[in-house]
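So the structure is just underneath, and the comments pick up after that.
This structure is a prediction, so every number in the text was calculated from the model and none was measured. Quick note: numbers below take in every heavy atom, side chains included, and nothing from hydrogens, waters or symmetry partners.
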Amino acid sequence: MCGITGWVSYDRDLRAEAATLDAMTETMACRGPDDRGTFTDGHAALGHRRLAIIDLPGGRQPMTAGTPDGTVALVYSGETYNFTQLRRDLAARGHRFTTDSDTEVVLRGYLEWGDTLAERLNGMYAFAVWDGRHDKLVMIRDRMGIKPFYYHWTPDGVLFGSEPKAILANPLARPRVTLDGLRELFTFVKTPGHAVWDGMCEVEPGTVVTLDRSGLRTRVYWQLETRPHADDRATTISTVRSLLDDIVRRQLVADVPRCTLLSGGLDSSAMTALAARQLAAHGEKVRSFAVDFVGQTDHFVADDLRATPDTPFVHDLARAAGTEHQDIVLDAHTLADPDVRAKVIRARDLPMGFGDMDSSLYLLFRTIRDHSTVALSGESADEVFGGYQQFFDEEARRADTFPWLVRFSRDFGDDTDVMRPDLTRALDLPAYIADGYRTALSGVRRLDGESDFEFRMRQICHLHLTRFVRALLDRKDRMSMAVGLEVRVPFCDHRLVEYVYNTPWSLKSFDGREKSLLREAAADLLPRSVYDRVKSPYPSTQDPKYAVALQDHVKDLLARPGHPVFDLVDRERVHRAAYRDTPVSTQAARRGLEKTLDLALWLDLYRPELVVG
């Protein structure tokens with residue numbers, strides 16, 4: 001896994017900037033607690049923090065290769081799951097290896113194929129190559145955007161890093177956020193390339209970004225493409241199962257302890273059961289972990305989002321698959337702890353407003369890290385197979401906007417009600433969302449003869465795979481890497497994504513239920529309770545003590561009337577929510593308090609320059 005950063009400057013000698021490079025590199029210490037390294041070559045400086053997963057002694061970075069025309073240096077974050085095959089191919093072409101790491105395979109692959117190496121990789125990765133032969137920087141990100149990657153223009157080059165905090169550690173990058181950045185922050189649309197911070201961009205998924213003395217160029221090496229699907233139902237189900245078997249087998253490879261994240265839903269259960277079966281053939285057991293809240297299972301109250309608590313289904317699957325299972329049970333006091341909230345915001349660099357769901361994910365990962373270094377997750381199966389309620393909601397399907405926003409509005413209300421009215425007018429979020437929606441739809445091609453309904457469902461699937469899932473992948477990466485845990489996402493394998501994306505909706509939901517293909521592909525692995533379970537989102541605490549704690553923390557904030565958060569939120573509205581006679585119970589009201597606290601902590605931690613006039 002790891003954290004990477006770097007600086008290219010064509011007008012200065014960066015060998016004199018060791019202190020700045022060290023500062024940038026150390027911001028990535030949480031992503032790479034096992035080792036650190038730097039490389040400087042005149043106009044290029046690279047930094048690396050390592051989380052050792054494969055070839056523990058041999059995978060140190062930055063990794064370099066000398067050539068007659070100059071040094072080629074690599075900083076790499078992620079995993080290449082097909083590295084053994086690539087290694088064989090490269091060895092056949094005359095390359096010699098000194099380590100067993102996938103990092104060296106990527107470096108040698110670049111020497112052999114240049115940036116077209118990207119098309120050959122299967123995995124999750126973000127890496128940068130300084131090619132001293134041509135004084136150029138090459139930055140490459142995986143197809144689905146699993147690993148984060150940011151860069152920032154400078155007058156004579158570029159800064160880059162796994163996370164914005166690495167870039168912001170350089171004095172050339174100002175922590176500045178404009179109205180456009182706030183628009184991205186306050187909507188859930190994940191505009192490709194947008195980084196919120198002024199002057200900063202993301203390396204987009206499936207993209208190569210190259211910088212040399214003539215400027216910066218981008219090349220898209222992968223994107224979702226519309227293709228006909230000729231397989232019948234039985235063949236489609238069989239193909240999905242075959243792909244999943246291969247994907248899980250590849251992603252179980254590690255030289256450190258690994259585990260699975262188990263929620264009791266279809267996605268994580270299928271993945272865990274596959275892993276358990278494969279490891280059992282080698283005499284090993286899978287460790288599985290789940291999050292729960294004190295008293296939640298015994299006192300669970302069903303609502304429109306969650307019909308059942310997770311824990312009974314978690315235990316059913318753990319027994320059926322024979323996993324070594326552990327529940328991580330959290331209380332309201334810990335979830336509301338301002339120190340935990342601050343760690344979450346520091347991990348994400350932004351106040352994203354997921355509240356207790358972010359805190360619980362961070363705390364879950366922190367506990368898992370005591371036992372394992374690698375975890376497999378069911379993330380993205382809902383986007384790939386069509387698992388969310390909005391896929392089946394007629395209003396959401398017909399809406400002229402992102403379908404999940406229709407569901408969010410209905411289920412959670414409008415948590416932007418806490419914003420100052422003048423800021424709300426200046427942001428004009430409806431127009432921003434509408435522009436993003438039109439742009440997103442422009443990338444979807446219709447098949448000849450495709451019905452209006454099938455094309456609309458193709459659009460909805462495309463929107464989820466190119467907008468919605470990227471926000472969730474970023475969240476999972478940041479929360480896990482904040483504690484040095486590598487989370488792998490088998491359902492993001494591009495072969496599976498391409499195949500299922502082009503499966504007609506009539507096949508994806510052939511029995512009228514969500515994720516029909518996945519359910520049948522894993523039917524022989526699942527207990528009946530899990531097989532029949534209806535989709536339930538990531539859990540949120542129902543403990544009223546959590547809401548009371550939020551109100552108390554907001555009261556403390558209100559006692560500081562000069563705090564800059566009140567340039568963004570309406571103090572009177574927040575005051576009414578904090579001092580109401582009964583604890584806040586509606587999702588919108590609770591999220592409004594969480595958003596206020598997150599914004600305040602973000603302003604304290606980063607002291608951004610806000611340009612909102």
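Under the 6.0 Å distance and 45° angle rule, Arg475 counts as a cation-pi partner of Phe354. Both tests hold for Arg533 against Phe313: distance to the six-membered ring centre under 6.0 Å, angle to the ring axis within 45°.
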Practice problem: List the steps and the verdict of salt bridge (Lys or Arg N to Asp or Glu O under 4.0 Å) for Glu379 and Lys476. | Solution: CA-CA 8 Å; Glu379 192 77 85; Lys476 184 146 285 182; 3.2 Å; yes

Quiz item: Given Thr207 and Thr218, is the side chain to side chain donor-acceptor pair (under 3.5 Å) satisfied, shown in steps?
Solution: CA-CA 7 Å; Thr207 300; Thr218 62; over 6 Å; no

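Between Phe391 and Tyr388, the ring planes are parallel. Angles under 30° get that label, and only those over 60° would be called perpendicular. Between Trp404 and Phe468, the ring planes lie tilted relative to each other; the angle falls in the 30° to 60° range. Ring geometry for Tyr606 against Trp602 counts as tilted: the plane angle lies between 30° and 60°, on a 0 to 90° scale.
Side-chain contact between Phe491 and Glu383 is absent, with no heavy-atom pair separated by less than 4.5 Å. Between Glu163 and Arg478 there is a side-chain heavy-atom pair separated by less than 4.5 Å. Residues Leu185 and Met352 are in side-chain contact: their nearest non-hydrogen atoms beyond the backbone lie under 4.5 Å apart. Under the 4.5 Å side-chain criterion, counting only non-hydrogen atoms from C-beta, Thr25 is in contact with Arg49. When side chains are defined from C-beta on, His462 counts as touching Leu224, because their heavy atoms get closer than 4.5 Å.
Counting only distance, with no hydrogens or angles, the side chain of Gln296 and the backbone of Ser540 share a donor-acceptor pair below 3.5 Å. At distances below 3.5 Å, at least one donor-acceptor pair connects side-chain atoms of Asp331 with backbone N or O atoms of Thr334. Here the side chain of His194 pairs no donor or acceptor atom with the backbone of Lys190 at under 3.5 angstrom. Looking only at distances, no side-chain donor or acceptor of Thr38 sits under 3.5 Å from a matching main-chain atom of Gly47. When atom types are taken as modelled, the side chain of Tyr546 and the backbone of Asp356 share a donor-acceptor pair closer than 3.5 angstrom.
Arg306 and Tyr538 share no donor-acceptor pair across their side chains, judged by distance under 3.5 Å alone.
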